[in-house]
Enquirer: 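Before I ask anything, here is the structure I am working with.
Just so you know, residue 1 is the first one in the sequence shown, and it goes up from there. When a ligand or atom number is given, it counts from 1 through the structure's own listing order.
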Amino acid sequence: MRLQNKVAIITGSATGIGQGIAARFASEGAMVVVDYVGKPGTADQTLNLIKQAGGKAIAIESDVSNPVQVQQMIDGTIKAFGKLDIFVNNAGIEYKHPFTEFPLEQVQKIIAVNLIGPFLCCQAAARQMIKQGNGGRLINISSVHEDLPMPTNAAYCATKGALRMLTRTIAVELAAHQITVNNIGPGAIFTPIDADVEANPDLEKALMAEIPLGRWGKPQDIAGMATFLASEDGAYCTGATFFVDGGMMRQAGSL
Ligand code: BGC
């Protein structure tokens, strides 16, 4: 058990990568807060997975782009578990359009969830961790697209590029408090965010051709890296991005 008695919040953990991280953290002994937005019951699948495996978890609804709700999530966590050790910014959304046709409302929504969200959550989590005085771990789920361009995905790519510099900057600022800040950069992970590609064999084939390992990643692949960064093993890592992408960042495009 690598996260015994740690308390972790994972945003957007009702499905996908967030669900994988929440389940893994709980199996490593952490007490987990499953953040979600939507109808009551949205987080039940993650909660049941954790409880069936004998883990401890609660669900809290919080829109990460709303500072009042973010603070309520931190306060609810302290009330339930007494402290906060690990915060994972996983919630993210993606809408694809050709650049010249990108609707402003969608750009603003993507920025709100993918960038303002992690900004507010890191801020609120760091304040709590500084108050506790025992350091902490901030882990942001970014993307290969914090570096790699993706046509039709300008707004998403812009937020992930910004998350890269948010992490680097606050890692330096928070280091004095022994709070580490790192990004995980997933490649193509088989989750609902890629439902359009998963349902279209031509798109899927084109995507697989960009991945040297030739397959989709799994939420568990990301959960393994998140566990490393949250555990004692990751204590000396800060201000970095760790890509978990089947080699996607290194494909030369020459085949
Ligand atoms: C995006 C996916 C994309 C993957 C690899 C992810 O960040 O959400 O749409 O397939 O990167 O390009």
Side-chain angles (χ1 to χ4, degrees), residues 10-22 35-37 64-65 88-99 101-103 106-119 121 139-168 182-226 229 240-255:
I10 298 108
T11 67
S13 48
T15 62
I17 291 175
Q19 182 177 76
I21 295 173
D35 158 72
Y36 71 99
V37 282
V64 295
S65 67
V88 182
N89 278 296
N90 166 76
I93 56 170
E94 182 176 40
Y95 307 117
K96 297 178 198 152
H97 299 284
F99 175 59
E101 284 152 39
F102 223 113
Q106 289 193 8
V107 178
Q108 285 167 331
K109 181 79 185 149
I110 292 172
I111 291 174
V113 177
N114 295 9
L115 180 58
I116 308 282
F119 195 105
C121 287
I139 300 169
N140 299 321
I141 306 304
S142 174
S143 167
V144 286
H145 300 299
E146 69 165 51
D147 261 337
L148 200 64
M150 183 172 178
T152 76
N153 215 358
Y156 179 88
C157 291
T159 58
K160 296 301 182 178
L163 192 53
R164 175 177 190 256
M165 284 311 296
L166 175 68
T167 290
R168 291 176 178 207
N182 292 287
N183 280 10
I184 299 176
I189 310 299
F190 197 88
T191 71
I193 207 170
D194 261 340
D196 55 339
V197 182
E198 289 152 19
N200 180 327
D202 291 337
L203 287 180
E204 189 177 42
K205 199 166 161 234
L207 178 61
M208 290 307 122
E210 291 183 34
I211 305 170
L213 287 182
R215 65 163 176 90
W216 290 95
K218 301 185 288 288
Q220 290 82 347
D221 294 319
I222 308 304
M225 179 59 80
L229 289 171
T241 296
F242 296 81
F243 291 106
V244 182
D245 67 351
M248 197 174 193
M249 292 288 289
R250 296 293 165 264
Q251 60 92 19
S254 56
L255 293 179

Enquirer: Distance to 0.1 Å, residue and atom name: give those for the protein heavy atom nearest to atom 9 (O) of ligand 1.
Expert: D194 OD1, 2.7 Å
Enquirer: Mind listing the closest non-hydrogen atom pair of P219 and G20 along with its distance?
Expert: CB-CA, 4.2 Å
Enquirer: Which atoms form the tightest heavy-atom contact between T159 and I111, and what is the distance?
Expert: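 Heavy atoms of T159 and I111 come nearest at CG2-CA, 3.8 Å.
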Enquirer: Return the minimal non-hydrogen interatomic distance between L163 and P118, and the atom names on each side.
Expert: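 Between these two residues, the closest heavy atoms are CD1-CB, 3.7 Å.
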Enquirer: Give the contacting part of M248 toward ligand 1: side chain, backbone, both or neither, where contact means a heavy-atom distance below 4.0 Å.
Expert: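 Side chain only.
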Enquirer: Look at ligand 1 and say whether V197 reaches it with a heavy atom at a distance under 4.0 Å.
Expert: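 False for this residue.
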Enquirer: As an exercise, identify every atom of ligand 1 less than 4.0 angstrom from a heavy atom of E94.
Expert: 1 (C), 2 (C), 8 (O), 9 (O)
Enquirer: Please list, in number order, the atoms of ligand 1 under 4.0 Å from a heavy atom of S143.
Expert: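 In order of numbering, the contacting atoms are 6 (C), 7 (O), 11 (O).
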Enquirer: Between Y156 and I93, what is the shortest heavy-atom contact and its length?
Expert: CD1-O, 3.3 Å
Enquirer: What residues, two or more places apart in sequence or in another chain, satisfy side chain to side chain donor-acceptor pair (under 3.5 Å) together with K96?
Expert: D196
Enquirer: Is the shortest N/O to N/O distance between H145 and ligand 1 below 3.5 Å?
Expert: yes
Enquirer: Considering only heavy atoms from C-beta outward, does the side chain of S13 approach that of I21 to under 4.5 Å?
Expert: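 Sidechains of I21 and S13: no contact.
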Enquirer: Please write down residue, atom name and distance for the protein heavy atom closest to atom 6 (C) of ligand 1.
Expert: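 Among all protein heavy atoms, the one nearest atom 6 (C) of ligand 1 is Y156 OH, 3.6 Å.
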Enquirer: For atom 4 (C) of ligand 1, what is the closest protein heavy atom, and at what distance to 0.1 Å?
Expert: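 Result for atom 4 (C) of ligand 1: G187 O, 3.7 Å.
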